[in-house]
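Reading through the structure tokens given below for one structure.
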Protein chains: 2
Amino acid sequence: MSADRLSATLSALADPTRRAILARLSHGEASVTELAEPFAMSLPAVSKHLKVLERAGLISRGREAQWRPCRLEAAPLKELAGWIETYRRFWEASFDRLDDYLREIQEGDPRDRH
Amino acid sequence: MSADRLSATLSALADPTRRAILARLSHGEASVTELAEPFAMSLPAVSKHLKVLERAGLISRGREAQWRPCRLEAAPLKELAGWIETYRRFWEASFDRLDDYLREIQEGDPRDRH
DNA sequence: GCGGTACTGAACCAATCAGTTATTTAACTG
DNA sequence: CAGTTAAATAACTGATTGGTTCAGTACCGC
């Protein structure tokens, strides 16, 4: 299902290998073999992870001779940060005040409506 | 793979149905049938989505007679916001300055570190 | 041109996912 | 008690995921 951008970003980020790759790229560009080095998996597996990240717009790839240097692209992360921001009030308030807030905006007992 | 909390949060959020459920819950508690109402899918399907959200800690469920009211739990969102925050500098700088920054922290040509 | 290095693509596999229908549990209602 | 409503569970299905191995493509250096 769901080919929307946010879903693509989130499911790309849902894998720890891919998050580690992004963390590595936050220190600068890297080739595929460099990115693969820390992982106990084959190169084609890493190549697939990179393709997922690329399709989500989280990385871009250049061409330098036989190397394909990857670099971080932050736009989808910005979008995600924007989405999550709409929930900030739910964790910023103290738990007691959040409780109050929830009770306040609540429409009432489920049995009462419909 | 990976049962770590962040991965669980992200893969739970990667589904638009589940994000819509969270959005609904941000307006207050709701029962399962209420949550299911906007979707063209069976009730068990929604029940499964709720289980995913619950295992990720994004919702909690109470008991009121035959209803099981769901409420939003923001802690995992807070954790996610914290994680994404480490990448903020990559989208906050103007693109040109980001380019400069990337080139600056880059170790050099991939060929040099073979 | 040949051999090595960097990477991608294709085919395959097991596990998980998102949905279905049918059944079951639990609680209220008359 | 019987009947109804709310929700979960079970069993099944098709699609997707994350990994593999093996082969192919592209570029460099000798």
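Values below: all heavy atoms of this structure, side chains included; hydrogens, waters and symmetry mates excluded.
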Quickly work out the [X] [atom1] to [N] [atom2] distance and round it to whole Å.
X     : N      : atom1 : atom2 : result
A/H49 : C/dC7  : NE2   : C1'   : 16 Å
A/W67 : D/dC28 : CH2   : C1'   : 7 Å
B/Q66 : C/dC28 : CD    : P     : 6 Å
B/R61 : D/dA8  : CZ    : C1'   : 9 Å
A/E64 : C/dA6  : CD    : C1'   : 13 Å

- Starting from the C-alpha separation in whole Å, work towards a yes-or-no answer on side-chain contact (heavy atoms from CB on, under 4.5 Å) for B/L72 and B/L58. CA-CA 6 Å; B/L72 181 63; B/L58 284 160; 5.6 Å; no
- Item | Trace of the side-chain contact (heavy atoms from CB on, under 4.5 Å) decision for B/I59 with B/R71 | CA-CA 5 Å; B/I59 66 169; B/R71 65 157 55 195; over 6 Å; no
- Can you name the nearest heavy-atom pair linking B/Q66 to B/R68, along with the distance? O-NH2, 3.3 Å
- Message: Restricting to non-hydrogen atoms, name the atom on A/L25 and the atom on A/L35 that form the minimum distance, rounded to 0.1 Å.
- Response: CD2-CD2, 3.8 Å
- Assign A/R63 to base, sugar-phosphate, or nothing according to its heavy-atom contacts below 4.0 angstrom with the strands shown. nothing
- With side chains defined as the heavy atoms from C-beta onward, is the minimum distance between A/S7 and A/D4 less than 4.5 Å? yes
- Message: Contact between A/W83 and B/R19 at the side-chain level, heavy atoms closer than 4.5 Å - yes or no?
- Response: yes
- Item | Sorted by number, the residues of residues 50-57 of chain B with heavy-atom contact under 4.0 Å to DNA chain C | none
Would you tabulate the pairs of protein nitrogen or oxygen atoms and nucleotide nitrogen or oxygen atoms of nucleotides 20-22 of chain D closer than 3.5 angstrom?
unit_1 : atom_1 : unit_2 : atom_2 : d
D/dT20 : OP1    : A/S42  : N      : 3.4
D/dT20 : OP2    : A/S42  : N      : 2.9
D/dT20 : OP2    : A/S42  : OG     : 2.6

- Message: Looking at A/E54 and A/K51, is any side-chain nitrogen of the basic one under 4.0 Å from a carboxylate oxygen of the acidic one?
- Response: no
- How far apart are the C-alpha atoms of A/H49 and A/D15, what are their side-chain angles, what is the distance that settles it, and do they pass the side-chain contact (heavy atoms from CB on, under 4.5 Å) test? CA-CA 9 Å; A/H49 282 303; A/D15 186 289; 3.7 Å; yes
- Would one find a side-chain N or O of A/S47 under 4.0 angstrom from OP1 or OP2 of C/dC7? no
- Message: Looking at B/R68, I'd like to know whether one of its side-chain N or O atoms comes within less than 4.0 Å of OP1 or OP2 on C/dA26.
- Response: no
- Where the side chain of B/R18 is defined as all heavy atoms beyond and including C-beta, which of C/dA27, C/dA18, C/dT8 is the nearest nucleotide? C/dA18
- Message: Test of understanding: with side-chain contact (heavy atoms from CB on, under 4.5 Å), list the residues that count as partners of B/K78, not counting sequence neighbours.
- Response: A/W91
